[in-house]
There are 2 protein chains.
Amino acid sequence: MIAQLDPNGAEDTRHRILRIAFQLFHEQGYHATGVATIAREANVNPGSLYHFFESKDALLLAVLDFALDYLGPAVMDPVEQATTDPVERVFVLLQNYRQRMARESCRLGCPIGNLALEVSDGNPAARELLHKNFENWTGRVERWLTAAGDRLPRDVDRRRLARFVLTVMEGGLMQSRAAGHLGPFDEATALLRDYFSRVGVSTARSRRGRKTRHAKGKVTKR
Amino acid sequence: MIAQLDPNGAEDTRHRILRIAFQLFHEQGYHATGVATIAREANVNPGSLYHFFESKDALLLAVLDFALDYLGPAVMDPVEQATTDPVERVFVLLQNYRQRMARESCRLGCPIGNLALEVSDGNPAARELLHKNFENWTGRVERWLTAAGDRLPRDVDRRRLARFVLTVMEGGLMQSRAAGHLGPFDEATALLRDYFSRVGVSTARSRRGRKTRHAKGKVTKR
DNA sequence: GTCTATAGAGTGATAGAC
DNA sequence: GTCTATCACTCTATAGAC
């Protein structure tokens, strides 16, 4: 990654454009965000923007590349600092997404997921980078699950389970945005936790000695 | 629903616009699709389009309303004709989505899901209709699960499980579009089936006497 | 209801001085 | 690298004859 701070700690212009573009694409989508708006919000002139990126399309690719580096410091590292329990990290991660959604009144959702549905079809290079972002995300979760060792049954495929976590999260975020409340997301994460339990993942909860009958508050009625 | 066919079986102009707009929004997204394109594809003049819909925004709402009626005949009814087994209907439904994705080389995805992520935030009326579309979908699946009677443990919340089916499907479609292949979608549906099995849903498979250890080819390694 | 024509704003992108 | 100015085009939406 190219340096983004000069010796005085000021942010690189190119980096500032990327950060703002990433944010605006997240808030408004790719097609709904004009180049002029990005330039204005980033305090640069349109001409300067086109000095760094030869087209809006090229900017999108750079943003998706930027997102690859953004994930760790902004999303995953805080989770690892919040808890050392590798299984619980999965659910702290989901709760952090929940907090963000709550803060935004169920708007925005996942920046990568949004772009995946908006620009994948007509843009192979973007599609590839979106895929890498997802793999980046699931790779990190997979490492947690692997670190959990024998707390997962040996025959559980860690990678598949990690991808399933992403599947459930994206599906839950989508429905919560349409619903306008966090109910669907909470339901989805509850059923995911139930699945973990039934698969035989020993969670912090179950290790605290609580009797797990898989059931309460998950797929089963209360 | 307003009549869409005249006595000669010709399609109503308004209905044709809605059908074409629904298709184009699905293929290209809302913002990427121009009103002029919709008019051209529907063989009407822009002026005529604005005779029926006072704005592009109003057209979107009408399309989302159109989708509510579209779901049954185009998506759900064929599933009910394909199998009478209420549990298997869930997985036939998922396989039908899979077939559509395969036919389109992992493009397009779910028309409602795409719009949910693109237009929910800035358009409360659209958000409400998108939510209704999801509820429409899950309501139908819930009816199947309810019809399955005691093949599901009594304490399983049918509605929650139906929403989870949608969650997994949307998450799987999203990742398959980014990946460019059906692997993620197939994985997601396999893990969903595994969850059904572990929850204690008796499927056509398990009723055929196959020994279910939940495991093979699902979350567990082969 | 349908047609042609076009307004007025906004779009992505470029030129060329500094 | 940054600035101003602007091009060529597309966008949504409208006017008004038929």
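Keep in mind it's a predicted model, so treat the numbers as computed, not measured. The chains referred to below are lettered A, B, ... by the order of the sequence lines, with proteins before strands, and numbering in each begins at 1.
Look at CZ on F52(A): it is 19 Å from P on dG12(C), rounded to the nearest Å. Between the CG atom of L49(B) and the P atom of dT4(C) there is a distance of 15 Å, given to the nearest Å. Distance H31(B) NE2 to dG10(C) P: 14 Å, rounded to the nearest Å. The nearest whole Å value for the distance from the CZ atom in F25(A) to the P atom in dG12(C) is 9 Å. K56(B) has its NZ atom 15 Å from the P atom of dT14(D), to the nearest Å. One interatomic measurement links the two molecules: CZ of R40(B) to C1' of dC11(D), which rounds to 13 Å at whole-angstrom precision. At whole-Å resolution of the value, CD in E54(A) and P in dA13(C) are 9 Å apart. Computed from coordinates, the I17(B) CD1 to dT12(D) P distance equals 14 Å when rounded to whole Å.
Looking at heavy-atom distances under 4.0 Å, G34(A) makes contact with sugar-phosphate atoms alone, never a base. The residue T33(A) sits close only to the backbone: its heavy atoms come under 4.0 Å of sugar-phosphate atoms, none of a base.
Toward the 5′ end of DNA chain C lies the nearest nucleotide of A32(A), the other residue of the pair A32(A) and G47(A) mapping further downstream.
At the phosphate of dT14(C), neither OP1 nor OP2 sits under 4.0 Å from any side-chain N or O atom of Y50(A). The shortest distance between the side-chain N/O atoms of N45(A) and the OP1/OP2 oxygens of dT2(D) is not below 4.0 Å. Proximity of T13(B) to the phosphate of dT2(C): a side-chain N or O atom is located under 4.0 Å from OP1 or OP2.
In this structure, K56(A) is positioned above the aromatic face of Y30(A), its NZ or CZ under 6.0 Å from the six-membered ring centre and within 45° of the axis. For R19(B) and F22(B), the positive end is not near the middle of the six-membered ring at less than 6.0 Å and at most 45° from its axis.
With ring centers used as reference points, F66(A) lies under 6.0 Å from H15(A).
If you check dT14(C), dG1(C), dT2(D) against the side chain of H51(B), the one that comes closest is dG1(C). Ranking dT14(C), dA13(D), dG1(C) by closeness to the P46(A) side chain, first place goes to dT14(C).
In the model, T83(B) has no side-chain atom that pairs as donor or acceptor with a side-chain atom of E88(B) under 3.5 Å.
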**Request:** Kindly indicate, with the supporting measurements, whether the criterion ring-ring contact (aromatic ring centres under 6.0 Å, His included) is fulfilled by F91(B) and F196(B).
**Result:** CA-CA 11 Å; F91(B) 295 98; F196(B) 267 58; 5.2 Å; yes
